[in-house]
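Before any comments, here is the structure.
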Amino acid sequence: MPRQIIPAGSDPTAIGEVSAPPFARLPEPALLFSRRAERWTALAAGHDLGPYLRFLAALADVQHRIQEGLAEPEMPDAAARERARIFGMPPLDRGNLAPDTAAETLDRLVVAASEIKKTVAAADALDRLKQATPAKRGGMVRNVLANAIPMEALAEHIYVAAALQVHFARLAASLDARALVPVSDGACPACGSPPTSSIIVGWQGAHGARFCACSLCGTLWNYVRIKCTLCGSTKGIGYQEIEGGPGTVKAETCDSCGCYVKILHQHKDPGLDPVADDVATLGLDILVREGGHSRGSFNPFLIGY
Ligand SMILES: [Zn+2]
Ligand SMILES: [Zn+2]
């Protein structure tokens, strides 16, 4: 596969456009998944991964639909959130949740996902999830939140991860963006999760600013450009893209930690979605991995590829 390596210094939009971007932008769950479903549908046309992208479009539509009438998620109390802020911790603690966290959301998703057109393997996985005891489902929730999804039960966990994205997006949407503080490189200031990718936005007042997109709650957090979103290094940063492509999705590689995270130029194409376009550019992952860098970001819908 052809490749093009672009030295970091040649990124012409990197300097001079940014005014005062907000530190964080919280997700809008009422729009997040419906827009993603549309994006996946658009990307599926003529794509090598077409059937899988159509499945993910239908799953995102389910993520959208199950929110109607769903009880508000229980927020950590104000004192706990303030304590987290003082200690530079995310207010939503993904590692310390009740065993039945998101149980109703997952119930609804399992029922609604029955209607999706899917492969036999995906249907079998959904059946196993339907029949799983509450304790077993709780174990799967813990696996996803610990970033420890077992490969032999990957298909079941994709549904669980989708339900948790809905749950955490709704939690994050109730936070105060102005109260969020940077926690550490590669960690969402709302929930502590790793990014799926980063985007350069075209928002008024923040044109050209870069934001990391949380893989769990969907919060976007501001992060300077030409700096590794995982380890914070500013040395040995490079950019790779598929030659002859639209030039809107690149891999930002870091020689310090040996990883890469994709960077999406949403200011050039407002339709780009940090999760959907990450999956649809799997060819870029293959290219960059051949060059020796490892995937450092997290996307539940790309595990196993
Ligand atoms: Zn998050
Ligand atoms: Zn790095």
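Just follow the structure's listing: the first ligand is 1, and inside any ligand the first atom is 1.
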- Query: Please walk me through it: do W40 and Y52 pass ring-ring contact (aromatic ring centres under 6.0 Å, His included)?
  - Reply: CA-CA 9 Å; W40 258 320; Y52 184 52; 8.1 Å; no
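- Vertex the Zn ion (ligand 2); arms to C231 atom SG and C228 atom SG; angle 110° (nearest 10°).
- A salt bridge does not link R36 to D61: none of the charged nitrogens lies less than 4.0 Å from a carboxylate oxygen.
- For T281 and K262, the side-chain atoms include at least one donor-acceptor pair closer than 3.5 Å.
- Under the 6.0 Å distance and 45° angle rule, R210 does not count as a cation-pi partner of W221.
- The Zn ion (ligand 2) lies at 2.8 Å or more from every N, O or S atom belonging to C259.
- At the Zn ion (ligand 1), the vertex angle linking SG of C191 with SG of C217 is 120° (nearest 10 degrees).
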